[in-house]
Amino acid sequence: MSRISWKIVSCFSFVVLLSACGGDGENGAQGNVNTGGVDTGGSTGGSGGGGVIVKPQTNVERALLSGDALLVKDAKEYAQHSEKLLEGYQNQFNQIKRSLNGDTNSLYWDPSHDAAIMSPTYGFNDSILKTNKALQSGYADQQLTLGIAGEYGVSGRYVALGSNPFRTSLRSPSSINSEMEQWSENLWTWLNGQGITKTTNIVLAHLDQSYYFPDESATREWIDKRFNEVVTVNQVGACDGEQLLSCVEARPNVLVLSQHLTDEQDLPAVEVALRRALELEIPIFYLHLNGHMMPLGDLVFNLLNIKYVGDNYWRKLGISDWSPSELIDHVPAEISQQQALLEKLADDTFSIDLSLCDDKSCPAEANMDEFYQPANSIREHLKSLDERGTELFNTDQYEYEKLLVLTADYYRNKVSFPMDKLNTERVEFLRSYYADYAQYNSRTLNYAQPDMGNFSRSHFDERVERISKTVTLESKRNFRSAGVYALPGESVVVTRLDNEPVTTKIVINTLRSGATHEFNDHAYSRPKLVTSYAYEVKPRETIRLTSSYGGPIQVHFSANNYDVSLKFEGVAQHPVWRSREDNQTFVEQLNANLFDWAELVTPGFEVHSKSEKMKESISAPEWEQPEDMALATERYVHNLPHALAGFQGPGIDSIEDIHHYAINKGWEVETIDVVKHMNADQANCGYGCSGNPYDAYWSFHPLGHGDLHELGHGLEKGRFRFAGWDGHSTTNYYSYYSKSRYFAETGKVSACQSLDFKSQYELLQTSRQQADPHAFMAAQGQTSWSWGARIFIQIMMQAQSQGVINNGWHLLGRLHILEREFNRLRADETRWLTYRDNIGFSSYSRDEANTISNDDWLLIAFSIITERDMRDYLDMWGFSFSDKAKSEVSAKSLTPMPLSYFSSSNTGYCLDEFAQRETPVDGVTSWPL
């Protein structure tokens with residue numbers, strides 16, 4: 001849905017109404033000036049009905065019109081123009097506020113907790129009413145916006161209040177004082193422009209009439225009482241729904257509405273009517289219903305450039321002894337900070353000390369908030385516009401935002417990587433940093449960044465063809481590769497050809513911002529924020545994007561299993577493997593070195609890799625063809641680790657030891673159906689960093705311990721760690737399992753981590769020679785990841801040796817399913833009491849279940865899934881448990897788990913030495929290997 005948008009601008013704008021400015025161009029006095037026109041989704045606006053259009057005279061004006069940032073000689077020109085523009089906004093908003101305030105200086109209004117907190121969009125509208133006090137004890141005083149006003153076109157005006165003062169005064173006369181009553185009347189007078197007379201025609205539409213919200217009758221009664229019944233008001237309900245358009249065409253003096261809809265199917269008709277009201281510049285008075293947002297409220301806020309902040313229900317804010325004159329000359333703090341940033345970037349007047357920063361962060365004394373606060377607010381604001389598809393430079397609106405973007409464009413063109421926090425001039429570093437933050441892709445002209453460091457080349461070989469390609473993808477959360485490439489500085493057109501009910505968004509690149517470690521030595525070697533925003537493309541809709549960085553295009557989905565068809569125009573074909581048909585071309589394209597990025601795509605896992613790293617990946621001796629690596633990826637990265645984590649889903653084996661066991665127990669086997677990803681590039685943390693995508697400095701390998709380790713971070717559970725255990729103690733089983741299965745299936749070795757089983761066994765043997773073996777083991781304080789991994793592996797071997805399970809590794813899958821079942825049951829009291837026996841926690845109340853320690857939980861859980869009494873066995877390791885947990889296990893009358901140990905060489909446990917050599921823990925027997 002395109003948004004009607006307008007903007008008040010100063011007489012310094014390159015398009016002005018001379019009659020409104022009262023002068024001749026830039027030197028005219030500030031008046032009720034605006035670009036005029038209403039953007040109805042296709043046009044670029046107009047002059048607003050009269051006046052003289054002044055052609056752009058300065059380089060800044062030409063840049064604003066064309067979107068070409070390089071038309072100026074110095075970015076300082078943008079900062080100076082912005083300063084003048086903000087002065088014009090301030091004058092304009094002051095004029096509005098003075099008209100509304102009159103002589104009022106001590107307002108009181110309790111809008112009730114059923115109110116909405118809002119936020120203006122600077123340049124379009126401004127706050128006219130702010131809370132200053134929590135009207136209920138125990139809540140914090142806050143200054144937040146409760147009223148907004150703005151102007152558009154030649155005479156269009158609007159006011160929005162976060163609640164309905166006419167309703168609150170009816171329900172509770174003490175909720176409002178006489179000054180607030182007068183201020184409310186001033187709103188009507190200002191909206192109508194001519195005061196309220198017997199010729200005034202008011203339309204009331206979509207006001208609720210219920211017990212708690214008698215808005216219709218309360219507003220009508222207030223009008224009748226305050227204006228002595230001299231105005232004309234429509235009959236109740238006569239202007240709701242499809243009837244609203246005819247009421248608008250009658251050109252009322254004021255249109256009053258809220259967000260109440262008796263039938264949401266009326267929303268399209270109401271939208272048409274509201275757009276028509278805006279075209280006719282009919283004054284709008286919006287009174288919010290309740291504190292949350294409804295579809296009609298969303299529509300109005302979108303059309304009026306108002307942002308919803310939140311519900312007053314949890315804030316209890318109101319207005320007490322407050323003067324609206326406090327808002328005269330008020331400029332939002334974020335706007336002041338943004339303008340200061342532009343000026344400091346131009347003049348290098350920062351107090352920032354980059355030398356104090358390290359990696360990706362800076363201590364407070366580095367003063368980087370001087371940059372981060374305004375840069376982040378700019379980024380968030382531009383993001384909201386960019387993701388909506390607002391083409392800034394195709395409209396005569398958004399002058400302030402254009403200046404923010406053009407400033408970034410100018411600096412981006414001057415960047416030279418790598419930079420260093422100590423050796424690069426501070427202002428050059430920060431200018432490049434600002435260019436990273438202030439991106440904008442919903443436009444046609446967006447120059448490629450000339451130097452993108454180690455992210456990508458900026459100029460592509462003439463052999464790189466611009467193509468059109470239709471791609472059909474089965475939707476999977478969170479995203480999938482489109483398999484095409486956006487070239488930097490070149491427009492990509494995306495048309496969605498299907499009608500499936502799934503939200504679909506286009507994103508360029510997959511990299512996390514943290515993968516750029518800009519404050520390390522000489523490490524600011526690429527743009528910080530190379531992954532674009534997410535741009536929704538609706539069924540049968542076309543969007544256009546131009547990225548200064550370019551990169552592989554991704555498609556994000558809100559739901560699974562829909563066939564989404566997208567036509568891409570103006571893209572290029574980088575190396576992408578999807579099927580065996582790509583084997584030869586994939587290798588040829590990599591060797592041609594025309595792109596810096598390549599992708600390997602399988603149904604459940606995708607690799608987004610620097611091209612050189614991908615060449616290393618497919619050149620590993622294990623793979624004759626890229627297809628071999630892809631098949632291994634699907635099996636050993638997607639399939640088996642998720643099966644071991646107790647999941648079922650597409651491409652995941654159903655394992656009898658795990659899934660059939662759980663089904664027989666009556667436990668739910670959770671489905672996972674999500675595509676996971678790896679970025680072979682730079683790591684967000686360490687040498688590899690978990691997440692989806694996880695990222696790493698190494699080249700991808702489907703049996704690489706690092707890859708499976710990072711994947712394991714997304715599968716492990718903190719509840720599986722005994723007290724004090726290192727965080728990595730539960731991470732690596734998924735890697736070990738895939739490697740063991742690879743050996744079993746191929747006879748080939750993919751080396752596991754080296755685990756010192758011998759020293760662990762010998763320590764256990766020493767403990768048996770002590771008067772109190774348990775106390776001896778407890779005193780060792782063994783909590784390392786390696787220690788924990790060996791204990792779990794020993795328990796798995798015991799389960800296999802005891803014949804409880806066919807493959808001891810699968811015990812972890814049972815533990816995962818039990819943990820999820822435990823969490824599911826304890827979320828509800830009735831469910832817990834009904835089914836707790838089924839998971840082995842019969843004596844535990846729900847409160848006790850919610851506070852159980854990891855150690856107690858593991859004692860009971862291991863006893864359940866091994867069908868053995870684990871008390872003595874875990875006591876052997878030095879663990880301690882509560883009497884309640886031990887009693888729970890005792891009541892099950894299970895066979896005790898033997899006190900023995902399985903010997904293995906340091907890596908043989910992943911090969912053919914798993915559960916093969918049982919050795920007693922008796923204090924006497926020597927290590928057998």
Side-chain angles (χ1 to χ4, degrees), residues 59-60 63 68-83 337-363 365-379 382 403-440 446-459 488-489 511 513-530 547-550 682:
N59 288 334
V60 173
D68 188 346
L70 305 185
L71 291 175
V72 303
K73 295 181 179 180
D74 192 326
K76 184 181 294 187
E77 297 175 53
Y78 292 130
Q80 292 169 342
H81 191 95
S82 179
E83 183 179 13
Q337 290 171 353
Q338 291 170 11
Q339 180 60 32
L341 176 60
L342 296 186
E343 293 171 357
K344 290 173 182 178
L345 287 168
D347 299 330
D348 190 17
T349 52
F350 290 101
S351 59
I352 290 171
D353 186 351
L354 293 176
S355 69
L356 300 177
C357 302
D358 183 55
D359 191 12
K360 298 170 292 189
S361 62
C362 301
E365 54 268 28
N367 295 323
M368 267 300 284
D369 275 352
E370 197 174 320
F371 176 90
Y372 283 135
Q373 286 188 357
N376 280 318
S377 65
I378 289 171
R379 179 170 172 80
L382 293 178
L403 291 166
L404 297 175
V405 170
L406 290 169
T407 301
D409 289 352
Y410 183 90
Y411 291 138
R412 189 177 297 116
N413 193 65
K414 308 294 184 182
V415 170
S416 179
F417 287 120
M419 295 186 188
D420 179 77
K421 64 185 179 185
L422 297 179
N423 298 328
T424 301
E425 278 193 50
R426 177 182 62 184
V427 71
E428 295 303 321
F429 190 107
L430 294 173
R431 285 170 177 171
S432 175
Y433 216 34
Y434 175 74
D436 296 346
Y437 274 77
Q439 301 173 46
Y440 207 88
N446 189 12
Y447 290 120
Q449 180 159 324
D451 185 347
M452 291 190 280
N454 65 7
F455 165 67
S456 167
R457 70 196 75 189
S458 298
H459 304 288
L511 306 184
S513 63
T516 300
H517 302 263
E518 61 271 23
F519 300 122
N520 283 347
D521 293 343
H522 304 284
Y524 188 16
S525 54
R526 60 165 62 177
K528 172 74 172 175
L529 303 161
V530 295
S547 166
S548 60
Y549 305 141
Q682 296 184 168

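In this structure the side chain of Glu365 never reaches within 4.5 angstrom of the side chain of Asp353, judged on heavy atoms. Taking the side chain as every heavy atom from C-beta outward, Leu404 and Leu342 approach each other to under 4.5 Å. Within the 4.5 Å cutoff, the side chain of Ser456 has no heavy atoms near those of the Tyr549 side chain. Here the side chains of Val72 and Val60 are in contact, with some heavy-atom distance below 4.5 Å. Counting heavy atoms from C-beta on, the side chains of Val415 and Pro450 never come closer than 4.5 Å. Taking 4.5 Å as the limit, every side-chain heavy atom of Asn446 sits out of range of all side-chain heavy atoms of Tyr440. By the 4.5 Å heavy-atom criterion applied to side chains, Asp521 and Lys421 are counted as neighbours. Side-chain contact between Tyr411 and Thr407 is present, with heavy atoms from C-beta onward closer than 4.5 Å.
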- Query: Which is it for Ser351 and Glu370 under the side-chain hydrogen bond (donor to acceptor under 3.5 Å, both in side chains) test, yes or no, and what are the steps along the way?
  - Reply: CA-CA 8 Å; Ser351 59; Glu370 197 174 320; 2.4 Å; yes
- Task: Could you walk me through whether Phe350 and Leu341 pass the side-chain contact (heavy atoms from CB on, under 4.5 Å) test, one step at a time?
- Result: CA-CA 9 Å; Phe350 290 101; Leu341 176 60; 3.8 Å; yes
- Can Leu430 and Met368 be said to form a side-chain contact (heavy atoms from CB on, under 4.5 Å), step by step? CA-CA 10 Å; Leu430 294 173; Met368 267 300 284; 4.2 Å; yes
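Side-chain atoms of Thr349 and Glu343 form no donor-acceptor pair, as typed in the model, at a separation below 3.5 Å. Of the N and O atoms on the side chains of Gln439 and Ser548, not one donor lies less than 3.5 Å from an acceptor on the other residue. At a cut-off of 3.5 Å, with distance as the only test, a side-chain donor of Tyr524 or Ser432 sits close to an acceptor on the other residue.
In this structure, Glu77 CD and Leu71 CG are separated by 10.0 Å, a value rounded to the nearest 0.5 Å. In this structure, the separation between CG on Asn520 and NZ on Lys360 is 9.5 Å, given to the nearest 0.5 Å. With values rounded to the nearest 0.5 angstrom, Ser513 atom OG is found 7.5 Å from Tyr437 atom OH. To the nearest 0.5 angstrom, Asp409 atom CG is 7.5 Å from Leu70 atom CG. Rounded to the nearest 0.5 angstrom, Arg412 CZ and Asp451 CG are separated by 13.0 Å. Atom CG of Leu529 and atom CZ of Arg379 lie 4.5 Å apart (nearest 0.5 Å).
Below 30°, between 30° and 60°, or above 60°: for Phe371 and Tyr433 the angle between ring planes is below 30°, a parallel geometry. The aromatic rings of Tyr78 and Tyr410 stand perpendicular to each other, their planes meeting at an angle above 60°, with 30° marking the opposite boundary.
Contact record, Ala408 with Ala435: O-CB, 3.6 Å, taken as the closest heavy-atom pair. Annotation for Thr424 and Glu428: closest pair CG2-CB, 4.2 Å, computed over non-hydrogen atoms.
Remark: the backbone N or O of Ala346 is paired with a side-chain donor or acceptor of Arg431 at under 3.5 angstrom. At least one donor-acceptor pair closer than 3.5 Å links the side chain of Gln339 to the backbone N or O of Ala79. At least one donor-acceptor pair closer than 3.5 Å links the side chain of Asp420 to the backbone N or O of His522. In terms of modelled atom types and a separation under 3.5 Å, the side chain of Thr516 and the main chain of Glu518 share no donor-acceptor contact.
Counted within 6.0 Å of CD on Glu425, heavy atoms from surrounding residues, nucleotides or ligands total 12 or fewer; the atom is thus considered open.
A side chain to side chain contact (heavy atoms under 4.5 Å, CB included) with Leu511 is found for exactly one of Arg526, Lys528, Gln682, namely Arg526.
Two rings, from Phe417 and Phe455, have their centers 6.0 Å or more apart.
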